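What follows is a short report on a single structure.
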Amino acid sequence: MNTNDALLTAVLAEVDYRREELQRAGRSVWVDRARRAGKRIRAQRADVRVPAQQRREAGQVPARSGEITR
């Protein structure tokens, strides 16, 4: 095997690797969009009501203040 064949093989391997990475990246974007759409559809069908979050004030006792975590 001469130097040109080895270089061509290396370049072709790099091209294949990059093509696979781009396909994975594109697929993950598509999967994320589909997952988000599915969540919206399921939430609408379930008709779940989520209460609004309340903002904590600086003087309030923090949640789980009596527990000691290690």
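Along the sequence shown, residues carry numbers from 1. Because the structure is a prediction, the values reported are computed rather than measured.
The side chain to side chain donor-acceptor pair (under 3.5 Å) check on R19 picks up D16, with sequence neighbours excluded. In this structure R18 satisfies the salt bridge (Lys or Arg N to Asp or Glu O under 4.0 Å) test together with E14, sequence neighbours excluded. Contacts of N4 classified as side chain to side chain donor-acceptor pair (under 3.5 Å), with partners at least two apart in sequence or in another chain: none. For R42, the salt bridge (Lys or Arg N to Asp or Glu O under 4.0 Å) criterion is met by no residue, not counting sequence neighbours. Looking at residues two or more places apart in sequence or on another chain, you find a side chain to side chain contact (heavy atoms under 4.5 Å, CB included) between E20 and R24.
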